[in-house]
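So the structure is just underneath, and the comments pick up after that.
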Amino acid sequence: MRISTSQFYQVSANSMSKMQSDLQDQVKYLSAGKQVLTAKDAPIQNASLGGIKAELRSIERFETNIIQAVNHNNRQEVSLSNAQDILIQVQEIFIQANNGAYDDENLKSLSAQLKSNLDQLMDIANTKNETGEYVFSGFQVDKRPFSIAPDNIVTYSGDNREAELQISANIRVTKNTPGDDLFMNIDNSVGDFFPTAITNLTPPADPDPEEPYIYVETAKIVDRQAYNAAAMTPNLTFDFADTNADGVADQLTVTDGAAVVSHGPVPFTAGQTIAFNGMEVELDGNPLPGDTFSLVPQEKVSVFDTIKSSIDWIDSTIKGTSDKKQLQVDYKHVLTQLDGAFGHITSKRAEVGITLNKIDVQRNVAQDLDVMLQSSRGKIEDLDFASAVSLFEQQKMSLQASQQTFTQIEGLSLFNYI
Amino acid sequence: MSVSLYQTGVSGLLAAQQHLATTGHNISNVNTDGYTVQRGEQTTSLGNSSSGNYIGTGTYISDISRVFNSFTYKEQVVTANNASYSERLSSQLNELDQTMSTYGSQVQSSLEDFYRSLHSISDKPEDISLRKMALDQAKTITNDIKNLQERMTGTQKSINNEFVQMADRISTLSVDISKINSQISSSYSANNVGQNNDLLDHRERLLSELNDLVKVDTVTDKFGVMTVMIGDGKTLVAGITPLSMIVTSGDPDPTQNQLSISNGKGVLSLEGSRLGGQLGALMEFRDTHLKRASSEIDLLALGISKTINQSQSEGLDLNELQGADIFSDINSGALPVERVLAHSANNIGNPTPLIAQVTITDVSQLSTDEYEVMFDGANYHLNNLTTGSSNNLGGIGTGPFTLPGLGFQFEENSGTPQADDRFLVRPLQNSAERMNIELTDPQSIAASSPVEVTANENNVSSGSVTISKITDPIAARTQVTTPFPSLTVDVYEDSGTPGTFQFRVFDTSSPPPAAPLASGSYLTGGTATVVLSGFEIEITGKLSGLGTNAREQFVIGDAFGAGNGNNMLDMAATQNTSVLNNKQTFSQFITSSVSVVGSEAASQESQLKTDAAMANQAISRHQAISGVNLDEEAANMLKYQKAYQGAAKVISIANTLFDTILSSLR
């Protein structure tokens, strides 16, 4: 086929310029280290690449949240551990206080120690984090949750909410435990009711001084359906009577707050479980005829109240005004409740530990995912340097060859010879 | 006879001279664009009869003509036009691909930063500096989206400008071609066999420049006058009469300029899709690819604004007020009216033409489709210009008009329409351009949820009461705290009819037998939705309770607090919800937008390779016939030189013969 002169130059110029531009593109890829610079470079895989990058961004985003969540939960853990230590101290002091050999001075110093323990616990409950937010206030992080009155009554002004952080697309973890759940709402160790002091308007003639007062071990609702159906008005008063004048109480009548008889009169023997209207009450000891006490509904007890009760107990012992037998009953209640409080804080601390574990597991999952995603991304996006450099060399050589052949052929002309 | 010999020699000389001149002309024009090699055709002169023999009388050049094959030329024209179309489209798409990839990843990363700042607010909701950072990030997103859209409108403007320049050039070419036509026609004579080759070459050069811009078709009459038609067959040069190309504003969208041919008295519009060449490529790029990319940016802006604003409105800010809009509301200001573009013909004969607007009701149902509303005299009809479907909206005055799954409604503002009035409806119009940050006070970011549900710890079965929707957080808070302290929801399984769960919603302070706020039942596996003031709850699950007197209980209480970041958590979760096109998150939407452009650019690039290769082949074929080869010309030069020398020798011999005869007579 005949080639015109201008066509020859045009074709050579075109091919050289094409090779130069290909070379230039290759330089771009080499200097970026990537083989996908714009969507045009990987039209089919760009969607997957976009998705992979989105996931990698999300892992990075949640890592920040994970760090924050761990910080918050660790801080709680430390506070709760300190609270546990204080409660142990309180228990030890309280046990000491029941030692009959202690005189008033000793008891006063024990009472003072308990007061300082109460203040320490208040401090822990009012702890703030590094940005000045109250840790145990629920959502009300700008309000101090616990305040103490001069008579040692502690009130809670935070709320009951748990704040959450998102640590993965579908997982939220709590970052706090509200103060009322921790310190105010400890299960009543007796059950759902708390007994008032034992009174007796008609005490028998010679009471046995060694015989302790009856002690309410448990008083709880076992069948809410029946209990609610019975609709008794609180408080429930238990009266023990002696029907056969043998000096032993053998009859029990339970009256509710509206003077309606809810149960009985029924025969009663010591040690038997009193069950009626979905409730069960267990007593320890022998009631004397004429003994009366009431059950006040109380499902939760605050730990501060329990410590206050321990301080009050010691103060009553010092004053010596209270009935010694009632004091013993009260002592048992307070000690059991202190135990319950300690157990409660421990279990709450365990919950925080579970949360920390959950976060840890998620963090490991995310890290594994991150490694896999980086490798997938690299397969699509990263440049294979070996093949890219060899392609570059190839293109360079093609360009050189075409330039040299052009010069040589260009020099061939008949006009050189005529 | 020597006299004849003399003539014969001279004729040979003259012929050789003409050949040499032609060869010289070819050599001088070796680099002239579009030059067709010329060759002289040498014909022998008829012999004279002399004593029974015919003696030849030499030669003459019968024709100097171009070596031209109209078939290869036609092929060259067609492939060149395709190649020029492909190349222009490919280069525009490459630029768009660059823009979308670069700016697209910019928007992705600023969106990511914004959502990260939301997470950090959810961790420390009362921290003002974190809130300020979120507002700054929101501003960055707005700027990035606006910048991207500005690139799009900038490209559109420069394409429109280029139309003007190209139309001018085409009009000039038209005038030039018509001048050549008139020159050719006036130099035509029935007796002239020769053609004005260089004029023809010149005309072809003009045609090839025209061909680069627009598809060209030609018809040549026997006088050599060429009629030129462009695009979809409209005449540009009618023999010696040139017409011009003008750019007219689009109707109803004035930025969509159209091209027309004007003949001084009237205007004929050119169909954009059949223009071919660079004009065709630009038109296709502007009206298909650029428009789609630009609409998608608008949809993204709408989606972000609506989603974040909606989330904001469901929570309470640090001042216990309902969260105000962070981004400007998608149905505020001039936007609703700007979405409806009336055809200019609507104003003819109507002193109060209809002004209409479009309000968006559900962003997730929107698409980049364009619509047209047509009034037939009684009813409005909605035509989807992209899918072609058509629906009757309703009669005049019965608006606002909408259809299920549409996502927007068409409303009459003022004025009345006439029959055959048409309106172009673009629900996404200007959304990116008008996107703005309205919120400046960091305290106004609504981090706190207004109310929360707490399950009673005595509940025994699995099930839940959740807050499914918040329409007015302040009303919600009032509802649950008036009277103090909260609302209670209780549920139990009716022992008489197992599988039916009865629920009641009442004020905690006035429980039944006082009348509850709401009550009802639902079946196993179902849910009950209760609408309260400012919010809705959903009750679901096997909440059997222990009986009529021991029901499962849930308390809905005031949850506002400085440490409440639940609304931020919900707003941050929108990053992973399918808000656009009913199935894409923001990130997926941007990625798919960018990917579509990338794949179009890639496929156009490979199309260009094919078209360019075909054009080059056609050129080679044509040049093989019509191009100047210097070596060939050099050889020809020697050939004709020798012929000249030979002819000169003939003359010299004839001269010698004459001298001989003369000297013999002395």
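Each chain gets a letter, A, B and so on, in the order its sequence line appears, and its residues count up from 1. Side chains included, hydrogens not; waters and symmetry mates left out as well; all remaining heavy atoms used.
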### A:Gln166 and B:Ser122: side chain donor to acceptor below 3.5 Å
no
### Query
Have B:Gln575 and A:Arg61 got a donor and an acceptor in their side chains that come within less than 3.5 Å?
yes
### Message
Quick check on B:Ala635 against chain A: is it the side chain, the backbone, both or neither that has a heavy atom closer than 4.5 Å?
### Response
both
### Query
Got A:Glu164 and B:Leu569 here, is their nearest side-chain heavy-atom distance under 4.5 Å?
yes
### Task
Please tell me if the side chains of B:Glu457 and A:Asp181 come closer than 4.5 Å, counting only heavy atoms from C-beta onward.
no
#### Entry: Sub-4.5 Å side-chain heavy-atom contact between A:Tyr9 and B:Val30
no
### Message
Using a strict threshold of under 4.0 Å (side-chain N to carboxylate O), is an ion pair present between A:Arg172 and B:Asp570?
### Response
yes
#### Entry: Proximity breakdown for B:Leu638 and chain A, heavy-atom pairs closer than 4.5 Å
side chain
#### Entry: chain B contacts, top residue of A:Thr131, A:Leu414, A:Ile44 (heavy-atom pairs, under 4.5 Å)
A:Leu414
### Task
Please determine if A:Arg2 and B:Glu632 form a salt bridge, counting it only when a charged side-chain N lies under 4.0 Å from a carboxylate O.
yes
### Query
Checking heavy atoms, do the side chain of A:Thr64, its backbone, both or neither come under 4.5 Å from chain B?
neither
### Validation row: B:Asn566, A:Phe139 side chains within 4.5 angstrom (heavy atoms)
yes
### Toward chain A, the part of B:Asn564 with a non-hydrogen atom under 4.5 Å
both
### SB check A:Lys53 B:Glu112 (cutoff 4.0 Å)
no
### Query
So, B:Ser109 versus A:Arg57: side-chain donor-acceptor pair below 3.5 Å or not?
no
### Query
Between A:Thr38 and B:Asp97, do the side chains contain an N or O donor and an N or O acceptor separated by less than 3.5 Å?
yes
### Side-chain heavy-atom pair B:Gln98, A:Leu37 within 4.5 angstrom cut-off
no
